[in-house]
K.L.:
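First the structure, which I've put down as structure tokens, then a few questions once you've had a look.
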Number of protein chains: 2
Amino acid sequence: MARAALSREAVVEIALGLVDAEGEQGLTLSAVATRAGVATPSLYKHVRNLAELRELLSIRIMGELTDEVSAAVLGRSGDEAVRALMESWRSYVLRHPRRYSAMLQTPEPGLAEAGSRLVGIALAALRAYGLSDSAAIHAARCVRAAVHGFSMLEAGGGFGLPEKLDESYDLLIDVMTSGLSTPR
Amino acid sequence: MARAALSREAVVEIALGLVDAEGEQGLTLSAVATRAGVATPSLYKHVRNLAELRELLSIRIMGELTDEVSAAVLGRSGDEAVRALMESWRSYVLRHPRRYSAMLQTPEPGLAEAGSRLVGIALAALRAYGLSDSAAIHAARCVRAAVHGFSMLEAGGGFGLPEKLDESYDLLIDVMTSGLSTPR
DNA sequence: CGCTGTAGGCTAATGCCATTAGCTTAATGG
DNA sequence: CCATTAAGCTAATGGCATTAGCCTACAGCG
């Protein structure tokens, strides 16, 4: 072995800092290399290319989000669990808006797996509604779509007046919980 | 004046075709120039730069979407209007997934105006629920978030099993309409 | 203690892309 | 007919990702 200065994980870490500081568009291999104190081509010893770095970064971010949401849902059930899931999710987005925006949603294999962990949390939160397996999947997709849509719009500045967004999100939580409780 | 071969609108049109064919990443000035049968720098006579082209394209796409949604909602009210809005929106996304994905959500001035037209449609659709002005805005944001989230995920392949998405979306519509009808 | 294999770094080179500068031409309107 | 100007062009610059090929320090072996 040679000296282990950089590593795959360290490169992802630097990329994370870069995205936080400058947004998705600031994530460039040469910027990462500069921060790492290394020449750009050296990064290819740790990462196949920019696309792979983006994917690794997305997996990392989705993992962080899943950890937080998971901790928030733990020990709750029913409406309380859905509320906790939605609030903790948005909390993450508000603390790391650029991170969230940079997270890819594409069906890459590695990402799909990270995403399925998150889906699992959502399914667990919905268990108390007593839905069938298939109904639970549909319900989880609805929650995910609603939360993701709100998050993307808010993180990207897609809404107009920022002061009332808390209220809008409260309404969204109420709509989802009451809508999911109502038998079809 | 000189010969009016190209035009701002024609450039946007070509960009639209390019996005449909190759996705957002395929939208490059040199590709547009090739399709237009012109040298790349010539495009700068019609468009300030790539960023502006992206914005014009987004405005164009949002306008198309608004037209379709608007026509679908026309003459309906209450749950029926919300259902029509959501179904026509998704219908547009399914027919033009790359277009929808390429649509920016950033708070550029021109885009914000195009977006407000769409918000106006949503507000009109919600009128029958008898909400106050402010409550209607929150409700419209919820509908937008839910639809947009589902659309982004579906257009980007972010969901797993594709065969049941119609059912998931039906549930989302039910959740939104019943949730919005339920007094808080 | 020296040898060697290799991980991890480097420089050089390529090619694509956006963008700018400055020139040329063709149509228009007086 | 001619001046203006819109709309095109070529040439040049600089950023970026990526590839090829070289160099070196360290680990573990004999």
Side-chain angles (χ1 to χ4, degrees), chain A residues 1-61 98 101-104 106 108 110-111, chain B residues 1-61 98 101-104 106 108 110-111:
Chain A
M1 305 272 176
R3 67 244 124 126
L6 261 188
S7 71
R8 196 178 179 79
E9 294 71 36
V11 170
V12 173
E13 197 67 30
I14 291 171
L16 200 56
L18 212 41
V19 164
D20 280 341
E22 308 182 29
E24 192 178 359
Q25 46 158 19
L27 178 58
T28 135
L29 285 182
S30 74
V32 171
T34 301
R35 282 205 175 198
V38 123
T40 309
S42 304
L43 296 176
Y44 287 81
K45 292 291 159 94
H46 305 284
V47 148
R48 184 163 35 235
N49 51 30
L50 180 60
E52 196 198 43
L53 176 56
R54 284 215 188 91
E55 191 184 329
L56 291 172
L57 187 62
S58 298
I59 292 172
R60 159 71 188 264
I61 294 170
R98 310 219 224 215
S101 297
M103 192 177 58
L104 302 175
T106 57
E108 315 284 338
L111 255 174
Chain B
M1 305 272 176
R3 66 243 125 128
L6 261 187
S7 71
R8 197 177 179 79
E9 294 71 35
V11 170
V12 172
E13 197 67 30
I14 291 171
L16 199 58
L18 212 41
V19 164
D20 281 341
E22 308 182 29
E24 192 177 0
Q25 48 157 17
L27 179 58
T28 136
L29 285 182
S30 73
V32 171
T34 301
R35 283 205 174 198
V38 124
T40 308
S42 304
L43 297 176
Y44 288 82
K45 291 292 157 94
H46 304 284
V47 148
R48 186 166 32 238
N49 52 29
L50 180 59
E52 196 199 43
L53 176 55
R54 284 214 188 92
E55 191 184 329
L56 291 172
L57 187 62
S58 298
I59 292 172
R60 159 72 188 264
I61 294 170
R98 311 219 223 216
S101 297
M103 191 177 60
L104 303 173
T106 57
E108 314 286 336
L111 255 174

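The chains referred to below are lettered A, B, ... by the order of the sequence lines, with proteins before strands, and numbering in each begins at 1.
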K.L.:
Do A:Glu13 and A:Arg60 sit within salt-bridge range, that is, some charged N less than 4.0 Å from a carboxylate O?
P.N.:
yes

K.L.:
Is there side-chain contact between A:Arg54 and A:Leu57, with at least one heavy-atom pair below 4.5 Å?
P.N.:
no

K.L.:
Grab the CG-P distance between A:Asn49 and D:dT19 for me, whole Å please.
P.N.:
7 Å

K.L.:
Drop me the distance from B:Arg98's CZ to B:Leu16's CG, to the nearest 0.5 angstrom.
P.N.:
12.5 Å

K.L.:
Roughly, in whole Å, what's the span from CG in B:Leu43 to C1' in D:dA6?
P.N.:
15 Å

K.L.:
Taking the side chain of A:Leu6 as heavy atoms from C-beta outward, which of C:dT19, D:dT18, C:dG9 is closest to it?
P.N.:
C:dG9

K.L.:
Calculate, to the nearest 0.5 Å, the distance between atoms CD and CD belonging to A:Glu108 and A:Glu52 respectively.
P.N.:
10.5 Å

K.L.:
What parts of residues 11-20 of chain A reach DNA chain D, counting only heavy atoms under 4.0 Å away?
P.N.:
none

K.L.:
Starting at CG of B:Leu27 and ending at C1' of C:dC17, how long is that distance when rounded to a whole Å?
P.N.:
12 Å

K.L.:
Specify the closest pair of heavy atoms between A:His46 and A:Arg8, including all atoms of both residues, with the distance to one decimal.
P.N.:
O-NH1, 3.0 Å

K.L.:
Heavy-atom distance under 4.5 Å between the side chains of B:Thr40 and B:Thr34, does that happen here?
P.N.:
no

K.L.:
Does a side-chain heavy-atom distance below 4.5 Å link A:Thr28 with A:Leu50?
P.N.:
no

K.L.:
Using a cut-off of strictly less than 4.0 Å, decide whether A:His46 has a side-chain nitrogen or oxygen near OP1 or OP2 of C:dA7.
P.N.:
no

K.L.:
What is the distance, to the nearest angstrom, from the CD atom on B:Gln25 to the P atom on C:dA18?
P.N.:
13 Å

K.L.:
Mark up nucleotides 9-16 of chain D, 5' to 3', with B wherever a protein heavy atom is under 4.0 angstrom from a base atom, S wherever such an atom reaches only the sugar-phosphate, and - elsewhere.
P.N.:
BBB----S

K.L.:
Rounded to the nearest 0.5 Å, what's the gap from CG on B:Leu53 to CG on B:Leu27? Could you check?
P.N.:
5.5 Å

K.L.:
Rounded to whole Å, please give me the gap between CD in A:Glu52 and P in D:dT18.
P.N.:
11 Å

K.L.:
Where do A:Ser58 and A:Ala102 come nearest, in terms of heavy atoms and distance?
P.N.:
OG-O, 3.9 Å

K.L.:
Tell me the interatomic distance from B:Tyr44, atom OH, to C:dT19, atom P, rounded to whole angstroms.
P.N.:
4 Å

